[in-house]
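These notes are about the structure you will find just below.
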Amino acid sequence: QVQLVESGGGLVQPGGSLRLSCAASGFTFRNYVMTWYRQSSGKERELVASISSAGGRTTYADSVKGRFTISRDNAKNTLYLQMNSLKPEDTARYYCNARNANNNYWGQGTQVTVSS
């Protein structure tokens, strides 16, 4: 069965850091573009960062550029999001997504709350 399991969320103070992980199983992880999305209360889900299947290309939302880093370890079937200099506006549930030409998979998400 396909599984995407996010972890690493939690409560952090403004200016702090978190690293999110997404453990993938049940599909050929290395063949999928991986993306982090987030959704806060009352807002539409938005793209945060994306990384190509081999990890050679990355894309970031303007709001997180320079603060967040997406990466992947294909040998471990794991996606990461390093989040630095966190702001209250980053508070959201963060979702892991795997996509190729035929499939689109989602995890259940992990909550990130940035508050003093």
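- Within the structure, salt bridge (Lys or Arg N to Asp or Glu O under 4.0 Å) contacts touching residues 72-87 (residues at least two apart or in different chains) do not occur.
- We find the CG-OH distance between N102 and Y32 to be 7.5 Å, quoted to the nearest 0.5 Å.
- Among the candidates V112, T113, V114, L18, the single residue satisfying the side-chain contact (heavy atoms from CB on, under 4.5 Å) test with L11 is T113.
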With a 3.5 Å cut-off and sequence neighbours excluded, list the donor-acceptor pairs that the side chains of residues 20-31 form with protein atoms.
none

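- Between T110 atom OG1 and Y94 atom OH the span is 10.5 Å, to the nearest 0.5 Å.
- Residue V2 is grouped with residue L79 when hydrophobic side chains (ILVMFWY) are merged at heavy-atom distances under 4.5 angstrom, including chains of intermediate members.
- For the atom pair CH2 (W106) and CZ (R99), the distance works out to 9.0 Å, reported to the nearest 0.5 Å.
- Partners of Q3 under the side chain to side chain donor-acceptor pair (under 3.5 Å) rule, at least two apart in sequence or in another chain, do not exist in this structure.
- R45 is linked by a side chain to side chain donor-acceptor pair (under 3.5 Å) to nothing, counting only residues two or more places apart in sequence or in another chain.
- Not counting sequence neighbours, N77 has no partner by the side chain to side chain donor-acceptor pair (under 3.5 Å) test.
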- Query: Between D90 and R67, does a side-chain contact (heavy atoms from CB on, under 4.5 Å) hold up when you go through it step by step?
  - Reply: CA-CA 11 Å; D90 296 317; R67 300 187 297 121; 2.8 Å; yes
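- For the ring pair (Phe, Tyr, Trp, His ring centres under 6.0 Å) condition, no pair includes a residue of residues 43-83, sequence neighbours left out.
- With sequence neighbours excluded, the residues forming a side chain to side chain donor-acceptor pair (under 3.5 Å) with S50 are T35, listed by chain and number.
- Without hydrogens or angle criteria, E6 side chain to C96 main chain gives a donor-acceptor distance under 3.5 Å.
- For residues 48-62, the pairs satisfying salt bridge (Lys or Arg N to Asp or Glu O under 4.0 Å) are D62-K65, with sequence neighbours left out.
- Residues passing the side chain to side chain contact (heavy atoms under 4.5 Å, CB included) test with S40, sequence neighbours excluded: K43, A92.
- Under a cut-off of 6.0 angstrom, the local environment of CD in Q111 is crowded, with over 12 non-hydrogen atoms contributed by other residues, nucleotides or ligands.
- Under a 4.5 Å side-chain heavy-atom criterion applied to ILVMFWY residues, the cluster that includes V33 comprises that residue alone.
- For E46, the side chain to side chain contact (heavy atoms under 4.5 Å, CB included) criterion is met by R38, not counting sequence neighbours.
- Between Q82 atom CD and I70 atom CD1 the span is 12.5 Å, to the nearest 0.5 Å.
- Between L47 atom CG and W36 atom CH2 the span is 12.5 Å, to the nearest 0.5 Å.
- Listed here is the closest heavy atom pair of S116 and P14: N-CD, 3.7 Å.
- Through direct or relayed side-chain contacts under 4.5 Å between Ile, Leu, Val, Met, Phe, Trp and Tyr, V5 connects to no other residue.
- Taking OG of S71 as the start and CG of L81 as the end, the distance is 8.0 Å to the nearest 0.5 Å.
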